[in-house]
**Q** 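A single structure is presented below for examination.
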Amino acid sequence: MSRTTAPTPVDRKDDGATASHGLSHGLKQRHLSMIALGGVIGAGLFVGSGAGIAAAGPSIVVAYAISGLLVMLVMRMLGEMSAANPASGSFSVHAERAIGPWAGFTAGWAFWFLLCVAVGLEGIGAAKIMTGWFPGTPEWAWVALFMLVFCGTNLAAVKNFGEFEFWFAALKVGAIVLFLGIGVLAIVGVLPGADAPGATNLTGDGGFFPNGSEGLIVGLLASVFAYGGLETVTIAAAESEHPVQGVAKAVRTAMWRIALFYIGSMAVIVTLVPWDDKAVVEKGPYVATLDHLGIPAAGQIMNVVVLIALLSAMNANIYGASRMACSLVDRGQGPKALGRKFGGVPRPAVLVSSVFGFVCVLLSYWRPDDIFIWLLNTIGAIILVVWFFIAVSQLLLRRRTEREAPEKLVVKMWAYPVLTWVALAGMAAIFFLMARDEGTRVQLYWTGGLTVLLAAIGFALQKARRPVSPDA
């Protein structure tokens, strides 16, 4: 078993302060725990998982289990490095320490780009829900309102971001727990008005693998990207009261809870509802399940939950993007103006990240058929690139830390280095599967192009100046 007892806050106070490079320390443990849970519970789970179910059928449970295991390995590696060296730049800092400044530059700015585009996409999704409730109102006006609210939240003290995200995440987690509770009651035949389905939906209509291995692969690709977002907790940990203890506990508790929420939800859905029910894709799997059980106003209830999920993701992504940009600047890898802090908050980075997100929204109206599609394709596989840098960094840093400061290993990767290599092999397999699939191949190419471009710029900067110590 890994050691999980961190040194006392006094012992590591200076490390945490240095790691956050002038940022405030206003996040509490409850904030970190909910940021870890809420970061991945978004519209991708509530709505987007329907496409995976339609492709894989009941075997979507296997797909989510496989990708969930990969995510657990990645987060354990990231937790090990972040507990040893808390930093607002998280994996970007670790990549710089392990591989070189070019790697930190590439991973950091790729992730910043991903988060900013995601902010725009989440704003569009939230605006569509609002225009459904208030017909005739323009979508861009709702997006602008959301941007102003969450930009303002992030411009204030970090504890305000923490409180917003805590309650947003609590509502999402509550909705998932309630759904799982209702689903289990229906499965065992206790829910009034619902008969126990048995294994009918799992074994009938094509069986557990109705579309064979190809369907499972499509479901696997869909599930991998649904897990993206956990990384934000290690960024936030640098601004917590006790960075080492905070990230250790948040990563440890989040992993099994997220596995329960994701895999448990998929198991409940495919057990209760036929996998080829069109409502699973058209309405979303959660709405389709609640409708199937005769729960009143299921569609509107889930619309509220999805709206909360989208707004929560906007809030968290603006925060994550601004801190990543700030960390990169502090390490000499970005415009100095972005790194200025006011009251412990990198306000220029918050503003630029928010504006970039809003520009992405405007592009969806101005150039929906070319530039906006290019943006979507470019961010398609960035999370896999980030995971790759995390795994390679952990592989290199673990031995260095064991040799130089073993007391910092308060969280340890399981069965090192075997499981690290297993994770890398899993990522390589996913890249290969994306290259085989026509629908995801273009995303792989565009993401690869962005990664190569950033790496080239990072190499050029690395040669142009002496490396700056990655302590941001």
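Just so we're clear, the structure is a prediction, and the values are computed from it rather than from any experiment.
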**Q** Can Lys341 and Asp330 be said to form a salt bridge (Lys or Arg N to Asp or Glu O under 4.0 Å), step by step?
**A** CA-CA 11 Å; Lys341 302 172 189 69; Asp330 286 340; 3.3 Å; yes

**Q** Hey, are the side chains of Val119 and Ser353 touching, using non-hydrogen atoms and a 4.5 Å cut-off?
**A**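 In short, these two side chains do not touch, never coming nearer than 4.5 Å.
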
**Q** On a heavy-atom basis, which atom in Pro285 and which in Ser49 lie closest, and how many Å separate them?
**A**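 Heavy atoms of Pro285 and Ser49 come nearest at CG-OG, 3.2 Å.
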
**Q** Which heavy-atom pair separates Met77 from Ala423 by the least distance, and what is that distance?
**A**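 Shortest heavy-atom separation between Met77 and Ala423 comes out as CE-CB, 3.8 Å.
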
**Q** Would the distance check show the side chain of Thr447 and the main-chain N or O of Gln443 forming a donor-acceptor pair, the cut-off being under 3.5 Å?
**A**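 The answer is yes, because a donor-acceptor pair under 3.5 Å joins these two groups.
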
**Q** With a 4.5 Å heavy-atom cut-off, do Gln394 and Met413 have their side chains touching?
**A**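 Yes, at least one pair of side-chain atoms sits under 4.5 Å.
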
**Q** Check Ala98 against Leu397 and note the closest heavy-atom contact, atom names and distance.
**A**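 Shortest heavy-atom contact: CB-CG, 3.6 Å.
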
**Q** Step by step, would you call Leu310 with Ile129 a side-chain contact (heavy atoms from CB on, under 4.5 Å)?
**A** CA-CA 10 Å; Leu310 288 166; Ile129 293 176; 4.1 Å; yes

**Q** Would you mind writing out the side-chain donor-acceptor pairs for residues 60-73 within the sub-3.5 Å range, not counting sequence neighbours?
**A**
from: Ser67; atom 1: OG; to: Ala63; atom 2: O; distance (Å): 3.0
from: Ser67; atom 1: OG; to: Tyr64; atom 2: O; distance (Å): 3.3
from: Ser67; atom 1: OG; to: Ser223; atom 2: OG; distance (Å): 2.9

**Q** According to ring-ring contact (aromatic ring centres under 6.0 Å, His included), who are the partners of Phe389, at least two apart in sequence or on a separate chain?
**A**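 Result, ring-ring contact (aromatic ring centres under 6.0 Å, His included) vs Phe389: none returned.
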
**Q** Please enumerate all residues that pass salt bridge (charged side-chain N to carboxylate O under 4.0 Å, His left out) together with Lys278, with sequence neighbours excluded.
**A**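 Partners of Lys278 by the salt bridge (charged side-chain N to carboxylate O under 4.0 Å, His left out) criterion come out as none, since no residue qualifies.
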
**Q** Going by distance alone, is a donor N or O of one side chain under 3.5 Å from an acceptor N or O of the other, for Thr137 and Trp142?
**A**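 The criterion, which ignores hydrogens and geometry beyond distance, is satisfied for Trp142 and Thr137.
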
**Q** For Glu80, enumerate each residue passing the salt bridge (charged side-chain N to carboxylate O under 4.0 Å, His left out) test, keeping only those at least two apart in sequence or located in another chain.
**A**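 Once residues adjacent in sequence are excluded, the partners of Glu80 under the salt bridge (charged side-chain N to carboxylate O under 4.0 Å, His left out) criterion are Arg398.
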
**Q** Drop me the distance from Ile318's CD1 to Met314's CE, to the nearest 0.5 angstrom.
**A**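 Here the interatomic distance stands at 5.5 Å.
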
**Q** Determine whether a donor-acceptor pair (N or O, by modelled atom type, separation under 3.5 Å) exists between the side chain of Asn317 and the backbone of Ala313.
**A**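 Yes: the side chain of Asn317 pairs with the backbone of Ala313.
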
**Q** Measure the spacing between CG of Leu78 and OG of Ser393 and express it to the nearest 0.5 Å.
**A**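 So the CG of Leu78 and the OG of Ser393 are separated by 9.5 Å.
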
**Q** Under the salt bridge (charged side-chain N to carboxylate O under 4.0 Å, His left out) rule, collect the residues that match up with Arg367, sequence neighbours excluded.
**A**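 Arg367 satisfies salt bridge (charged side-chain N to carboxylate O under 4.0 Å, His left out) with Asp370 only.
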
**Q** Can you find a side-chain donor-acceptor pair between Arg323 and Ser327 that sits under 3.5 Å?
**A**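 Their side chains do not contain a donor-acceptor pair, so the 3.5 Å distance test is not met.
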
**Q** Going through the checks in order, is the side-chain contact (heavy atoms from CB on, under 4.5 Å) test met by Phe261 and Met266?
**A** CA-CA 9 Å; Phe261 292 157; Met266 293 303 106; over 6 Å; no

**Q** Taking all non-hydrogen atoms of both residues, which atom of Thr440 and which atom of Leu433 are closest, and how far apart?
**A**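 It is OG1-O, 4.3 Å.
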
**Q** Between Glu402 and Lys412 (salt bridge meaning N to carboxylate O under 4.0 Å), is one present in this structure?
**A**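 Between Lys412 and Glu402 there is no salt bridge, as every charged N stays at least 4.0 Å from the carboxylate O atoms.
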
**Q** Stepwise, does the side-chain contact (heavy atoms from CB on, under 4.5 Å) test hold for Met130 with Leu307?
**A** CA-CA 8 Å; Met130 296 304 295; Leu307 177 64; 3.8 Å; yes

**Q** Report yes if the side chains of Asn211 and Trp275 come closer than 4.5 Å at any heavy-atom pair, otherwise no.
**A**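 Yes, side chains in contact.
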
**Q** Where is the tightest heavy-atom contact between Ala127 and Phe146, given as atom of each residue plus distance?
**A**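 Nearest pair, atom of Ala127 first, then Phe146: N-CE1, 4.0 Å.
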
**Q** Just so I know, are the side chains of Leu363 and Leu375 near enough to count as touching, which here means a heavy-atom distance under 4.5 Å?
**A**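 Side-chain contact under 4.5 Å: yes.
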
**Q** When Ile382 is tested against each of Thr451, Val117, Leu115, Leu450 for side-chain contact (heavy atoms from CB on, under 4.5 Å), which residue passes?
**A**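 Looking at Thr451, Val117, Leu115, Leu450, the match for Ile382 under the side-chain contact (heavy atoms from CB on, under 4.5 Å) is Leu450.
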
**Q** Taking it one step at a time, do Ile383 and Phe388 satisfy side-chain contact (heavy atoms from CB on, under 4.5 Å)?
**A** CA-CA 9 Å; Ile383 197 64; Phe388 177 81; over 6 Å; no

**Q** How many angstroms lie between atom NZ of Lys283 and atom CG of Asn303, to the nearest 0.5 angstrom?
**A**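 Reported to 0.5 Å precision, the distance equals 11.5 Å.
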
**Q** Take Glu139 and Tyr365, measure what side chain to side chain donor-acceptor pair (under 3.5 Å) needs, and give me the verdict at the end.
**A** CA-CA 10 Å; Glu139 286 186 9; Tyr365 296 103; 3.0 Å; yes

**Q** Is it the case that more than 12 heavy atoms not belonging to Phe432 sit under 6.0 Å from its CZ atom?
**A**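 Counting neighbours around CZ of Phe432, 12 or fewer heavy atoms of other residues, nucleotides or ligands fall under 6.0 Å, so no.
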
**Q** Nearest 0.5 Å, what's the CG-OG distance between Leu148 and Ser354?
**A**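 Reported value, rounded in 0.5 Å steps: 9.0 Å.
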
**Q** Under the criterion ring pair (Phe, Tyr, Trp, His ring centres under 6.0 Å), I'd like the reasoning laid out for Phe459 against Phe105: C-alpha separation, chi angles, the key distance, then a yes or no.
**A** CA-CA 9 Å; Phe459 268 120; Phe105 179 94; over 10 Å; no

**Q** Is there a side-chain contact between Val352 and Pro348 in this structure, where contact means two heavy atoms from C-beta onward sitting under 4.5 Å apart?
**A**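 Contact flag for Val352/Pro348 side chains = no.
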
**Q** How would you list, by chain and number, every residue that makes a ring-ring contact (aromatic ring centres under 6.0 Å, His included) with Phe356, sequence neighbours excluded?
**A**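 Here the qualifying residues are Trp112, Phe113.
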
**Q** Hey, are the side chains of Arg97 and Val93 touching, using non-hydrogen atoms and a 4.5 Å cut-off?
**A**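 A side-chain contact under 4.5 Å exists here.
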
**Q** Any chance CH2 of Trp109 has more than 12 other-residue heavy atoms, nucleotides or ligands included, within less than 6.0 Å?
**A**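 Count over threshold, so yes.
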
**Q** Taking all non-hydrogen atoms of both residues into account, name the closest pair between Arg441 and Arg436 and its distance.
**A**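 Looking at all heavy atoms of both residues, the shortest contact is NH2-O, 3.0 Å.
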
**Q** Hey, what do you get for CE (Met81) to CZ (Arg76), rounding to the nearest 0.5 Å?
**A**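 The CZ atom of Arg76 is 12.5 Å from CE of Met81, to the nearest 0.5 Å.
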
**Q** Is it true that Phe111 and Phe91 have ring centroids separated by less than 6.0 Å?
**A**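 Yes, the ring centres sit under 6.0 Å apart.
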
**Q** Is the shortest heavy-atom distance from the side chain of Ser92 to the side chain of Arg331 under 4.5 Å?
**A**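 Yes, their side chains come closer than 4.5 Å.
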
**Q** Has Tyr416 got a side-chain atom pairing as donor or acceptor with Leu395's backbone, closer than 3.5 angstrom?
**A**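 Present.
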
**Q** Does His94 reach the side chain of Ser82, with side-chain heavy atoms less than 4.5 Å apart?
**A**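 Yes, at least one pair of side-chain atoms sits under 4.5 Å.
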
**Q** Calculate, to the nearest 0.5 Å, the distance between atoms OH and OG belonging to Tyr262 and Ser265 respectively.
**A**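 Those atoms lie 9.0 Å apart.
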
**Q** For Arg400, does the CZ atom sit with more than 12 other heavy atoms under 6.0 Å from it, leaving out its own atoms?
**A**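 Result for CZ/Arg400: enclosed.
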
